[in-house]
Amino acid sequence: MFLERKDDGKLHKGSVLVGYDLGEQYSQISYCVYGQEEVDTVATVVGTKQYNIPTMLCKRKGVNQWFYGKDAVKNAGEEEMFPVEGLLALARKGEQIKLDDEDFDPVALLTLFIKRSMTLMNFIATVEKIDGIMFTVDELDDRMVEILAQASANLGLKTTRIFFQSHTESFYSFMLHQPQELWNYQVLACEHDGRRLKIYRMDCNKRTTPVVVLIEEQVYETLVIPEEDEGETIRQDAYHMADERFLGILRDMCSGRIISSAYLLGDGFRVDWGEQSMQFLCRNRRVFRGNNLFSRGACYGLLEKLEPSEAGAGHVFLGRDKLKSNIGMNVLRQGNESYYALLDAGENWYEVEKKCEFLLAGERELSFVVTPLTGKNIETRTVALSGGSGTGGPYTRYCMEMSMSGPETVQIRVADLGFGELFPGSGQVWEESFSVV
């Protein structure tokens, strides 16, 4: 028997929501006003489409004066300056950084960069007025979740609506809010920073309910675009080689598939170098070029977290960070047998959190129903509450907390609460885990 409790927290119209793309080289900030559909990106120069904020700090020697973004780049060459590049990589490494004979925590420096860059939002809303923020990064692993959680806690935001997602999920969130004809079939997003090409291919399995969305990622390290200061002959030869290489990649990617649309992202596509590849890609499909898809996708992802759209309610994205199975229990509620949903497929494993209470009579084990959305068979996972002595009463009340230590491992903690004043709990606690796929 389950004892259900509900929690409710709502946004108000006019609330400002932010999607923050935190990149190794550049970062971007997009935002929307709750109740309005439009998502805009903050320009570093008013009236332009210059969205990239260099992910960089610069400290002046001898004083506590810091520059960020373009100002950091501009001042980096001066003798009295200490530039700090690669803030994300430094935060991942976790080692103290020595500047001006002083040690600095790399996560604190990353937090400082985020704080300073968020001042670009001041024309729209001050940091205190922001009601939610979604950070998106290229790869979201355990270490990056830890870094973002630590940085978020020190930003001074007045909201608890702070979330993280990968670029892959931001691509998915972005597509949910595009016209249906652009993703009737498969969709490509080609991200090129001038040195590395990463292609995301989104596919929807419309035979399932809800529709399961999968995104395949491929990285190509050998497709290099030359710098603009290279000689004309060198540049043209490099462009031709890149064009041939990209054409071959696209042919393989599109072979046997219907691609509705494609998105060309990043500085690598700023120059028109791909004549043959563009002719192939633009044949019978819509093609868009830009560089703010991920920050906008983060903003849409935040909206989906807070209030799912019709498209979002009908689809579930199963990425690498996602729980890929529904998990529940067959229970008695008000005397009737029913299925009680505990965890939903499509949740980020690091956000999974469930707490509930239930009553057991003589049973000393819990059975969980695991229903994969990947097409595999339904399975049962059993966890024994061994060593429990019971209360001596007709029932024992338990509190169960569920979380995940990775995308395939569920952790549970069960505590004996007894059954009222006449049958106090033993205080016994069980901590177990089981695997899901």
| note | When D21, L264, L265 are each screened for side-chain contact (heavy atoms from CB on, under 4.5 Å) with L293, the one that passes is L265
| Of the options T55, L155, N154, which is the one that meets I114 in a side-chain contact (heavy atoms from CB on, under 4.5 Å)? | L155
Can I get a per-line list of side-chain donor-acceptor pairs under 3.5 Å for residues 168-177, giving both atom names and the distance, sequence neighbours left out?
| unit_1 | atom_1 | unit_2 | atom_2 | d |
| --- | --- | --- | --- | --- |
| T168 | OG1 | E217 | OE2 | 2.7 |
| E169 | OE1 | K322 | NZ | 3.0 |
| E169 | OE2 | K322 | NZ | 2.6 |
| S170 | OG | T136 | OG1 | 2.8 |
| S170 | OG | Q165 | NE2 | 2.9 |
| S170 | OG | S166 | O | 3.3 |
| S173 | OG | E169 | O | 3.0 |
| H177 | NE2 | E304 | OE2 | 2.8 |

Say whether, by atom type as modelled, one donor and one acceptor occur between the side chain of [X] and the main chain of [Y] under 3.5 angstrom.
X	Y	answer
S325	I327	no
S433	Q411	no
R413	M402	no

| request: Decide if atom CD of E353 counts as having more than 12 heavy atoms of other residues, nucleotides or ligands within a radius under 6.0 Å. | output: no
| message | Testing the 3.5 Å rule here: is there a donor-acceptor pair between the side chains of T41 and S30? | response | yes
| request: Might you point out which heavy atoms bring I162 and S152 nearest each other, and give the distance in Å? | output: CG2-OG, 3.5 Å
| How would you list, by chain and number, every residue that makes a ring pair (Phe, Tyr, Trp, His ring centres under 6.0 Å) with Y185, sequence neighbours excluded? | none
| Below 4.0 angstrom, N of the basic side chain to O of the carboxylate: do R296 and D40 qualify? | no
| query | Below 4.0 angstrom, N of the basic side chain to O of the carboxylate: do R92 and E139 qualify? | reply | no
